[in-house]
Amino acid sequence: RQPLRREREVWIRDSSLGNVPVQVTTWRDLIARYQGKFMPPGAGVYSRAEYNIAKQLASEDVGGWHARLRDLYNRAYPGKEVDHNLPLIEKFVTQLINKEVGKFVFERDPPTFAAALALAQTKTATDVTFKTASRASIHFVNPPAAMADHGGNNSGRGTACGRGTRGKAG
């Protein structure tokens, strides 16, 4: 929980406590009190439904999905703990588009929502690195026939002996 800065202490009046001023100490508390006061009851049901059907979008990277899911969860369940929330962590992991990344993270059983993101980003970066490296090294895996020639000339044009002489003596 991130506390509010000292110079920005917030006092709100809580009608459920007889309109007594109440100090809010964290952003989560402020949001929860705001939503409780101004959000219609149906908004909570809609927010939970939105959270329940959420999946990573094709246009989202892993970090974007993580941030969007956190936001959806905070709107659906204001004031609830996020970082050590096992169902939230599992939803993040199982709804990743790349199932290999999801399986990688799931097998490592991250203890926090932040740790799940770190594992997913590490796996994604590793996969991209190796995919890029394998594309760049195609020329070395399957060398052209001219490079496989054991003669001194690798240009394929030939000299007085070897390939490219067409039977002419030099």
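These values consider heavy atoms only, across backbone and side chains, with no hydrogens, waters or symmetry-generated copies. Note that the coordinates shown come from a computational prediction; the quantities given were computed from them, not determined experimentally.
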Begin from the C-alpha positions of Lys131 and Val128 and carry the test side chain to side chain contact (heavy atoms under 4.5 Å, CB included) through to its verdict.
CA-CA 5 Å; Lys131 185 182 281 186; Val128 168; 5.7 Å; no
Please report the closest heavy-atom contact between [X] and [Y], naming both atoms and the distance.
X: Pro110; Y: Leu119; result: CB-CD1, 3.9 Å
X: Ala76; Y: Ser47; result: CB-O, 3.5 Å
X: Val62; Y: Ala120; result: CG1-CB, 3.5 Å
X: Val93; Y: Ala116; result: CG2-CB, 4.4 Å

Closer than 3.5 angstrom, by distance alone: can the side chain of Asn52 be matched with the main-chain N or O of Arg48 as a donor-acceptor pair?
yes
Using side chain to side chain contact (heavy atoms under 4.5 Å, CB included) as the criterion, list what pairs up with Glu50, not counting sequence neighbours.
Tyr46, Leu72, Arg75
Just jot down the side chain to side chain contact (heavy atoms under 4.5 Å, CB included) partners of Ala114, sequence neighbours excluded, or say none.
Asp83, Thr112
Could you list all the salt bridge (charged side-chain N to carboxylate O under 4.0 Å, His left out) pairs where at least one residue sits in residues 104-130, not counting sequence neighbours?
Lys103-Glu107, Lys123-Asp127
Just wondering, more than 12 heavy atoms not from Phe106 lying within 6.0 Å of its CZ?
no
Using 0.5 Å steps for rounding, measure from the [atom1] atom of [X] to the [atom2] atom of [Y].
X: Asn74; Y: Lys80; atom1: CG; atom2: NZ; answer: 12.0 Å
X: Arg70; Y: Leu88; atom1: CZ; atom2: CG; answer: 7.5 Å
X: Ile97; Y: Gln95; atom1: CD1; atom2: CD; answer: 10.5 Å

Quick one: are Phe113 and Leu69 in side-chain contact, heavy atoms under 4.5 Å?
yes
Selection residues 55-66 - residue pairs positive for side-chain hydrogen bond (donor to acceptor under 3.5 Å, both in side chains), sequence neighbours left out
Glu60-Arg68
Just to verify, what does Tyr51 make a side-chain hydrogen bond (donor to acceptor under 3.5 Å, both in side chains) with, not counting sequence neighbours?
none
Check the pair Asn85 / Tyr73 against side chain to side chain donor-acceptor pair (under 3.5 Å), numbers first and verdict last.
CA-CA 10 Å; Asn85 186 309; Tyr73 184 82; 2.6 Å; yes
Residues passing the ring-ring contact (aromatic ring centres under 6.0 Å, His included) test with Phe104, sequence neighbours excluded, are none
